[in-house]
Amino acid sequence: GGLVALVLLALLAFGLWAASPGSLAQAIGWGQSFMARQGPAAGTLTTEGVQGSLFAGGQIGQLRWQRDGLTVEASGVRIGLSRWFWADALLGRGVRLSQLDIDRLRIDDRRPPQPPKPPEPLQPVTLPLPVTLPWSIGVLEFAGGAQTLTLSELEGEYRYRTADSAWRLGVADAHQLDLKNLRVAGGRYEAQAVLGAQAPMPLRVDARGEVQATVPGGASVALQAVAKLAGTLATQDAALDASASLRSSDAATAAQAPTLEATARLRPWRAQPVDTVDATMERLDLAALWPQAPATLLSGTVQARPDGADTWRAALRITNAASGPADQQRLPAERIEADLEQRGARWTLSRLDARLGGGRLQGQGRFEPGSSAPAAASSSSSPARWHGDVTATSVNPSLLWSRIAPAALDGSAQARTEDTGAGEAIALSARIQPSGTQPRAGALAGLRLRELDVKGRWRPAPTDMAQGVLELRSLRLLAADATL
């Protein structure tokens with residue numbers, strides 16, 4: 001009897017404390033102290049404006065977690081617990097929140113690049129109790145690169161529960177994510193994703209949305225987007241079948257509206273994760289689907305599939321009816337044709353033929369990744385090797401970047417890696433000369449450029465290819481009657 005009374009007294013004391021207005025802030029403070037004792041691996045957590053209790057939930061003005069250049073910052077956080085939250089949790093009936101709302105969530109990744117690691121199959125993820133978590137995020141930002149991706153008006157619910165027999169997953173439990181609303185660029189989307197908690201971890205995703213696009217002539221049209229994904233994730237041979245379509249639901253505008261029909265088979269844990277692709281598009285505007293993408297009107301096909309045991313080939317045949325300078329958020333190519341091959345670890349661009357900048361660009365290249373070795377045998381490692389060659393004919397640089405003066409140029413360029421004995425370097429050479437016919441008031445009219453020939457070497461920094469030292473071996477300029 002005394003032990004029971006002691007347990008009841010402890011539960012009563014905990015309940016009174018959990019219902020007190022400062023209990024949420026105190027619990028978060030304990031969590032911060034625990035993370036501090038774990039050292040840098042746990043990161044640092046800071047909060048501002050914490051109000052509320054562990055019994056009913058509360059608000060957090062700002063919450064920030066940082067580790068190794070990765071920062072996650074949430075502002076305007078509101079947490080609500082269901083009426084019987086603690087009773088359900090203690091009795092094993094589940095964990096149920098009534099509310100998790102975040103006004104703004106920003107993820108800023110400034111971590112230095114890391115050597116790639118071979119992908120590993122997903123392991124089963126089971127939870128001891130059912131979970132119900134309705135959530136919303138007003139604005140979600142992903143930063144760290146050249147541009148920030150912004151998603152808005154996200155709303156959904158996460159559940160961990162017994163798998164529904166209608167899903168036909170073949171496992172006992174499942175993670176279910178219902179995305180009720182998402183706005184990105186000119187579209188609104190919703191989706192349901194179900195992932196089996198036990199092997200083989202079957203995955204089912206059904207997404208749909210409505211995208212606003214503009215057809216030639218300026219009229220606006222609503223496009224219906226549908227995407228599906230199904231397969232497994234638990235083994236090295238796991239495969240996912242994907243499909244996507246985009247079309248107008250209005251018969252009056254269907255003839256001019258953008259369309260997309262695509263299917264793919266993915267192997268997420270293999271060195272080449274894209275097994276097959278078949279995509280056909282007409283008048284597709286990438287900017288309507290993704291905010292950082294250029295405005296386009298793409299038509300053509302993309303195909304990829306294995307060819308034998310260790311060879312994979314891809315072919316791209318695309319035209320663009322809305323080409324323009326890149327600084328005006330356009331794609332400066334009018335047509336792109338390319339053939340790509342992967343044979344083992346080696347990648348070969350056997351053919352590139354593009355119409356851009358009013359001229360033509362042709363090229364080819366090859367890339368072979370380096371091999372690493374343990375520290376004890378570092379002498380057996382080899383660096384990555386690649387080379388590329390391009391030839392340009394009658395290309396106007398002002399059509400590639402509008403702030404460059406107009407001209408018509410022919411040229412060729414070569415780049416390849418080389419080992420100098422003092423580290424890796426990239427040997428560069430380029431030759432540029434005016435085309436036979438120049439645009440009116442072209443930049444070369446007064447200069448009378450006859451030829452520019454440059455040879456040099458780029459020594460990149462060990463951790464960043466974009467940083468380094470450029471060594472010019474030779475520079476030859478023929479203009480008017482002068483030679484430099």
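Just so you know, residue 1 is the first one in the sequence shown, and it goes up from there. Computation of the quantities below employed the complete heavy-atom set of this structure, encompassing side-chain atoms and omitting hydrogens, waters and symmetry-equivalent molecules. Computed from a predicted structure; not experimentally measured.
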Any side-chain heavy-atom pair from [X] and [Y] closer than 4.5 angstrom?
X: Arg283; Y: Leu298; answer: no
X: Arg96; Y: Arg93; answer: yes
X: Leu133; Y: Tyr160; answer: no
X: Leu340; Y: Thr348; answer: no
X: Leu195; Y: Leu122; answer: yes
X: Leu179; Y: Glu190; answer: no
X: Pro273; Y: Arg267; answer: no
X: Arg188; Y: Arg183; answer: yes

Donor-acceptor pairs are to be reported for all side-chain atoms of residues 136-151 against protein atoms at under 3.5 Å, with residues two or more places apart or in another chain.
unit_1	atom_1	unit_2	atom_2	d
Ser136	OG	Asp101	OD1	2.6
Glu141	OE1	Arg106	NH1	2.9
Glu141	OE2	Arg104	NH1	2.9

Exercise. First locate atom CG of Asp327, then atom CG of Leu400, and finally report the distance between them rounded to the nearest 0.5 Å.
Key: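 Nearest 0.5 Å value for the CG-CG distance: 10.0 Å.
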
Self-check item: OG1-CG distance between Thr232 and Leu203, expressed to the nearest 0.5 angstrom
Solution: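 That separation rounds to 9.0 Å.
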
Closest heavy-atom pair and its distance - [X], [Y]:
X: Ala163; Y: Val171; result: CB-O, 3.5 Å
X: Ala338; Y: Leu352; result: CB-CD1, 4.3 Å
X: Leu240; Y: Gly231; result: CD2-CA, 3.6 Å
X: Met281; Y: Leu260; result: CB-CD1, 4.1 Å

Please check: side-chain N/O of [X] versus main-chain N/O of [Y], any donor-acceptor pairing under 3.5 Å?
X: Ser243; Y: Thr263; answer: no
X: Trp86; Y: Leu54; answer: yes
X: Asp275; Y: Arg305; answer: no
X: Trp65; Y: Ala42; answer: yes
X: Gln329; Y: Ala293; answer: yes
X: Trp269; Y: Leu233; answer: yes
X: Ser323; Y: Leu331; answer: no
X: Asp339; Y: Ser350; answer: no
X: Trp312; Y: Val274; answer: yes
X: Ser23; Y: Ser20; answer: yes

Quiz prompt | side chain to side chain contact (heavy atoms under 4.5 Å, CB included) evaluation trace for Asp310 with Arg343 | solution = CA-CA 6 Å; Asp310 66 343; Arg343 188 182 296 272; 4.3 Å; yes

Side chain to side chain donor-acceptor pair (under 3.5 Å) involving [X] - partner list, sequence neighbours excluded:
X: Arg67; result: none
X: Tyr158; result: His175
X: Arg313; result: Asp307, Glu341

Quiz prompt | Phe55, CZ: over 12 other non-hydrogen atoms inside 6.0 angstrom | solution =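 Not buried by this count: 12 neighbours or fewer within 6.0 Å.
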
Quiz item: When you look at Trp17 and Gln26, which way does the side chain to side chain contact (heavy atoms under 4.5 Å, CB included) test go after all the steps?
Solution: CA-CA 10 Å; Trp17 171 77; Gln26 189 172 3; 2.9 Å; yes

Quiz item: Any ion pair linking Arg110 and Asp108 (charged N to carboxylate O, less than 4.0 Å)?
Solution: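 Salt bridge present between Asp108 and Arg110.
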
Self-check item: Lys/Arg N to Asp/Glu carboxylate O, Asp241 vs Arg265, below 4.0 Å
Solution: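 Salt bridge between Asp241 and Arg265, a charged N being under 4.0 Å from a carboxylate O: yes.
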
Quiz item: Residues in salt bridge (charged side-chain N to carboxylate O under 4.0 Å, His left out) with Arg64, at least two apart?
Solution: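 Per chain and number, Arg64 pairs via salt bridge (charged side-chain N to carboxylate O under 4.0 Å, His left out) with Glu73.
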
Quiz item: Applying the side chain to side chain contact (heavy atoms under 4.5 Å, CB included) test to Ser299, which of Arg335, Arg317, Glu282 qualifies?
Solution: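 Among Arg335, Arg317, Glu282, the one meeting side chain to side chain contact (heavy atoms under 4.5 Å, CB included) with Ser299 is Glu282.
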
Exercise. Classify the side-chain pair Ser75/Asp103 by whether it contains a donor and acceptor separated by less than 3.5 Å.
Key: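 Ser75 vs Asp103: no donor-acceptor pair found between side chains.
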
Exercise. Just do the side chain to side chain contact (heavy atoms under 4.5 Å, CB included) check on Val95 and Thr132 with the steps written out, would you?
Key: CA-CA 6 Å; Val95 177; Thr132 300; over 6 Å; no

Self-check item: Selection residues 30-49 - residue pairs positive for side chain to side chain donor-acceptor pair (under 3.5 Å), sequence neighbours left out
Solution: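 Every pair satisfying side chain to side chain donor-acceptor pair (under 3.5 Å) with a residue in residues 30-49: there are none.
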
